Amino acid sequence: MEKEVRVRFAPSPTGGLHIGGVRTILYNYLFAKQNKGKFILRIEDTDQSRFVPGAPDEGVNYGGNYGPYRQSERKKIYRQYAEQLVAQGNAYYAFDTPVDLENKRNAIPNFQYNQATRMHMRNSMTIPHEAAEALVREGAPHVIRIKMPTYENVYFNDLIRGDVAFDTNQVDDKVLLKADGMPTYHLAVVVDDYLMKISHVFRGEEWLPSAPVHILLWKYLGWETDMPQWVHLPLILKPDGKGKLSKRDGERLGFPVFATEWIDPKTNEKAIGYQEIGFLPQALNNLLALLGWNDSTDQEIFSLEEMVDKFSLERVHKGGAKFDWDKAKWFNAEWLKKLSATELLPYVTPMLAEKNIRPDMQYLSTIVDLVKERCVLLPDFYEQSFFFFNAPQLYDMDALKNKWAAEKDLFFNDLISHFKQTENWEAPQIERVFKELASAKAIKIGELMLPFRVMLVGGKFGPQVFLIAQYIGKQETIDRIVKALGIVT
RNA sequence: GGCCCGUUCGUCUAGGGGUUAGGACGUUAGAUUUUCAUUCUAGAAACAGGGGUUCGAUUCCCCUACGGGCUACCA
């Protein structure tokens, strides 16, 4: 029988939700759904000094049978396993203070606490066993480190990278349990994944070098047969070159790197998120999924359902991908065009409400359909549609006054009276009235269209001008012409 | 420095021993749109380098170069 697929996302609560993390969640989710498995949310909060008060199947707020899901609530469990490793000889107590280590690193270039150096340090392998035990009993500050074997190779199969090998001589004796009694990520992740019966570990490539530590832990703890499959995802890189995409890049290059707004509690700096800048969730998922995965066809627009259906780890890239803000915006524009007005309403309505525009939903739907193809981000809806709800306050005077002549003044005055008599107030009819009057007065249409537009919307933008006249209504159209005429003359 | 991972247009990528190396974003030119956007057409643009293997390598192997990650009592 195949093992049940259980995956988890284990964010640290110390930062905003980075889009790299969103992609990891997405891949986890797609994989879990595809395999009828479970997706679990767990909080990695083992670092107390960085603790910040602050659609899974199990997790902190969802319940489940493998909790608690917060690592700080699980302290005792880790200690027990760490002690087990010491008893087995796979780990040892180390009494070196942070200052000791600091001095070592300063004195010896590239100092590593490993098989080559541990016999020169202060730990339970260099001082008599009883003395070490006594120290621990008396509460002397100490950590527990893994004892990496010498001259061994750790092999494992990564679902994306294939076979990977590490020489244990090159891996240092990572701290498993810190002096404050909390586990490090290395111990916690292994214990938690075992206890929560995780079948596949999805994480960023930056974790690859510590994989041998984790694998050895699975082995030493006697859980080798339950060890999950490893899936190290490629990184999302800076658009302009070097390194992983970071918060700073967003500020520097002018695009968000967090899913939602994030306020740094230390500096109080606010970083805007994809949600706030006006991305549709569908677009963010879509663009992130395609950053490192494709289905081998030319298709680029995928719904979540399609992705669940088509996603496969074999088609995830090995190499990191530079983030492209232009392409990201394109995904959003595509989704804006793809979604119906009804589907868009939940996003557009609150955005307009912020600007004190609360239109009738029926009317809004019509307008959304009319302008959505000229929008890239959600706030563009305001720029592209405010004039359907309110008369413009400001006019592009250059566009309006350019080549203004008395004859045009006359034209628009006559136009007002013609409009007043127009019965069938629909775009084609409005256009006919407009053009007939223009030709009667022998003025070129091209001379009149732009001024008319500016009178109705305030500038050189918006959909077809006669459609605008139709939707704002006869009286409003006339009012706006009158108002504008008063300003221009 | 050491270890690990990677390398097709500027970017995201398809492809894979014999192809005019395909698509998308961006970009350039044009058409449509009496505003802008959309849409459409066309163009420029890539197999990092060197050795093998082979009748033939962009594709397989090795080396180099370059890029990235890790090298904390952070995750």
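All values reported here derive from a predicted model rather than from experimental measurement. Any value given below was found using the heavy atoms of this structure, including those in side chains, with hydrogens, waters and symmetry copies removed. Every chain is numbered from 1 and lettered A, B, ... according to where its sequence line falls, protein lines coming before strand lines.
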Can you tell me if the side-chain N/O atoms of [X] get under 4.0 Å from OP1 or OP2 in [N]?
X	N	answer
K327(A)	U11(B)	no
N110(A)	G2(B)	no
R105(A)	C73(B)	yes
R315(A)	G15(B)	yes
K178(A)	C74(B)	yes
H186(A)	A75(B)	no

Hey, do the aromatic rings of Y27(A) and F311(A) have their centres closer than 6.0 Å? yes

Round to a whole Å and report the spacing from [atom1] of [X] to [atom2] of [N].
X	N	atom1	atom2	result
D295(A)	G23(B)	CG	P	17 Å
K372(A)	U39(B)	NZ	P	13 Å
F323(A)	G26(B)	CZ	C1'	14 Å
W325(A)	C25(B)	CH2	C1'	14 Å
N169(A)	C3(B)	CG	P	12 Å
N114(A)	G1(B)	CG	P	19 Å
Q384(A)	A37(B)	CD	P	10 Å
D158(A)	G69(B)	CG	P	18 Å

By nearest-heavy-atom nucleotide on RNA chain B, the more 5' of L290(A) and D172(A) is L290(A)

Nearest heavy atom decides the nucleotide; on that basis, is D163(A) or T297(A) closer to the 5' end of RNA chain B? D163(A)

Run E300(A) and K327(A) through salt bridge (charged side-chain N to carboxylate O under 4.0 Å, His left out) and show every step you take. CA-CA 11 Å; E300(A) 295 200 90; K327(A) 184 120 188 191; 2.9 Å; yes

Using a heavy-atom cut-off of under 4.0 Å over every strand shown, decide if [X] touches base, sugar-phosphate, or nothing.
X	answer
V143(A)	base
A321(A)	sugar-phosphate
I445(A)	base
G204(A)	nothing
F331(A)	nothing
R161(A)	sugar-phosphate
Q112(A)	sugar-phosphate
K244(A)	sugar-phosphate
P463(A)	base
D96(A)	base
A94(A)	nothing
G243(A)	sugar-phosphate
V164(A)	sugar-phosphate
K337(A)	sugar-phosphate

Which whole number of Å gives the distance between the [atom1] atom of [N] and that of [M]?
N	M	atom1	result
A14(B)	U58(B)	C1'	13 Å
U27(B)	A46(B)	C1'	16 Å
A65(B)	A72(B)	P	25 Å
U39(B)	C47(B)	P	30 Å
G18(B)	U11(B)	C1'	30 Å
U28(B)	G10(B)	C1'	14 Å
G2(B)	C61(B)	C1'	26 Å

Which nucleotide wins on minimum distance to the side chain of [X], given the candidates [options]?
X	options	value
E300(A)	C70(B), A14(B), G23(B)	G23(B)
E206(A)	C73(B), U35(B), C70(B)	C70(B)
D324(A)	C4(B), U13(B), U11(B)	U11(B)
S296(A)	G15(B), U34(B), C3(B)	G15(B)
L450(A)	C73(B), U35(B), A75(B)	U35(B)
D326(A)	G26(B), G6(B), C70(B)	G26(B)
E205(A)	C25(B), G68(B), A75(B)	G68(B)
D298(A)	G23(B), U11(B), C73(B)	G23(B)
H317(A)	C12(B), C3(B), A14(B)	A14(B)

Tell me whether the rings of [X] and [Y] are parallel (<30°), tilted (30 to 60°) or perpendicular (>60°).
X	Y	result
F95(A)	H142(A)	tilted
W218(A)	Y194(A)	perpendicular
F466(A)	F452(A)	tilted
F461(A)	F386(A)	tilted
W207(A)	H186(A)	perpendicular

Salt bridge between R122(A) and D100(A), side-chain N to carboxylate O under 4.0 Å? no

K338(A)/E343(A) ion pair, N-O < 4.0 Å: no

Base-pairing assignment for [N] (Watson-Crick or G-U wobble, both under 3.5 Å):
N	result
G1(B)	U71(B)
C9(B)	none
U35(B)	none
U19(B)	none
A48(B)	U64(B)

From the list E206(A), K318(A), E205(A), R203(A), side-chain hydrogen bond (donor to acceptor under 3.5 Å, both in side chains) with H232(A) holds only for R203(A)

